[in-house]
Visitor: 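Here's a structure for you.
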Amino acid sequence: PTTPPAAVRDEPVDLGAAVSLARLQDPVYRETVVRYFDSITAENEMKARALQPQRGVFSFSSADQLVAFARENGKEVRGHTLFWHGANPSWISNGSFSQAEWAQLIRDHASNVVGHFAGDITSWDVLNEIVAEDGSGLRTDNPWVNGFGGDPLDAIALMFQAAHEADPAARLCINDFSVEFNRPKTEAYYRLVRDLLARGVPIDCVGFQSHLITESEGPGVSDPGGWSPTLGELTGVLQRFADLGVTVQLTEADLKTSPTPGTTEQKLAAHADMARVLAGACQAVQACTELTWWGVNDSQSWLGSGEMTLLFSDTVTDDAFTPKPAYWATRDILGGG
Ligand code: G3I
């Protein structure tokens, strides 16, 4: 794909990676993050189950070590994620509380967590994956939203308002997957963001997770885990949301290669092409500030042992994992590194 002309931008696009504290103990992994990335996201250490395992008991030590690593190495930090249907402690996922109690729990979680990290987190994924996959409306399995009852937009407004009060400088994001090109879910996502903004909810940022797949079976192959937009499609979607007056970010990029025939070189070239779509679209949209891949090297990926999912192979050269063609293609477009 040809890269559209770079927009005149106030800030460069940060290239980020999801990291885990456990893997950061490996000097090769650590050196790779320090040398090649601008920002980090905690893959799991800032989810509700990790941070508030019991009601009113907050456990920040692991997340604090990640933030300390970022500060020592000049990396920005994305906070992931305050409110999600996943990774909740059982006292939340099985909890039954009154609406007033749920409101207090939402306020307490957001203010304690965002307040604790105030000044250290550039962007927070305040609400993750709330849009129904078929675009029919909102999911009904998020305990924080559905426990609250009543109008789900009221619960969502509470989340963003509490986070904003706790750290007014943090960019507050809503985040979702398989919304990287036009389909009913993307339309529902757009309507939700527009309606929340119209209510004065302090949403600064919209995240597009970008868990993509190669279309090895030809265009239109469907996969609930992800899709693969063209450069034009992704640029168009990002610009449309940006025109609402928000920052846009690609927050969890990876590429699941369906059993594509072909040599490793052909697969790596296809992977680099997808990386150019992600980097090219973010670079072309002035309001796009972040391209984060959901991991560092292929064997880290949540997708299992798939190949070519991330920007680094598992081989090691000069004390870091080896950058793949997709990494260099990304840096060619974004600069930096
Ligand atoms: O740390 C425990 C370990 O002590 C225990 O022995 C082991 C077996 O139970 O589980 C370990 O925790 C696992 C954790 O990853 C750390 O490896 C959890 O079970 C497992 O559910 C968790 O999976 C994460 C998943 O989110 C659910 O939270 C994946 O690593 C993570 O990549 C994935 O990331 C999500 C984003 O947050 C949101 N978008 C989708 C993306 C992919 O699902």
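When a ligand or atom number is given, it counts from 1 through the structure's own listing order. Just so you know, these numbers come straight off a predicted model, no measurement behind them.
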Visitor: Before accepting this row, confirm whether a basic side-chain N of the pair Asp125/Lys47 lies closer than 4.0 Å to the acidic partner's carboxylate O.
Guide: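 Judged by the 4.0 Å cut-off on N to carboxylate O distance, Asp125 and Lys47 do not form a salt bridge.
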Visitor: Could you tell me, for ligand 1, which of its N or O atoms are under 3.5 Å from any protein N or O, listing the pairs and their distances rounded to 0.1 Å?
Guide:
from	atom 1	to	atom 2	distance (Å)
ligand 1	26 (O)	Lys47	NZ	2.9
ligand 1	28 (O)	Asn44	OD1	3.4
ligand 1	28 (O)	Lys47	NZ	2.9
ligand 1	30 (O)	Glu43	OE2	3.4
ligand 1	30 (O)	Asn44	ND2	3.0
ligand 1	32 (O)	Glu43	OE2	2.6
ligand 1	32 (O)	Trp294	NE1	3.0
ligand 1	34 (O)	Trp294	NE1	3.1
ligand 1	37 (O)	Lys47	NZ	2.8
ligand 1	37 (O)	His80	NE2	2.7
ligand 1	39 (N)	Glu129	OE2	2.8
ligand 1	39 (N)	Gln209	OE1	3.2
ligand 1	39 (N)	Glu252	OE1	2.7
ligand 1	39 (N)	Glu252	OE2	3.3

Visitor: When you check the gap from the basic side-chain N to the acidic O, do Lys324 and Glu265 get nearer than 4.0 Å?
Guide: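 Judged by the 4.0 Å cut-off on N to carboxylate O distance, Lys324 and Glu265 do not form a salt bridge.
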Visitor: Distance under 6.0 Å and angle within 45° of the ring axis: does Lys185 meet both against Tyr190?
Guide: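 Pair Lys185/Tyr190 does not count as cation-pi.
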Visitor: Inspect the contact between Arg78 and Glu290 and indicate whether a charged nitrogen and a carboxylate oxygen are less than 4.0 angstrom apart.
Guide: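 Salt bridge: no.
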Visitor: Got a sec, which pairs hit side chain to side chain donor-acceptor pair (under 3.5 Å) with one end in residues 63-72, sequence neighbours left out?
Guide: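 Sorted pair list: Asp64-His116, Arg71-Asp120.
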Visitor: Ring centroid separation for His109 and Trp124, is it under 6.0 angstrom?
Guide: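 His109 vs Trp124: aromatic centres not under 6.0 Å.
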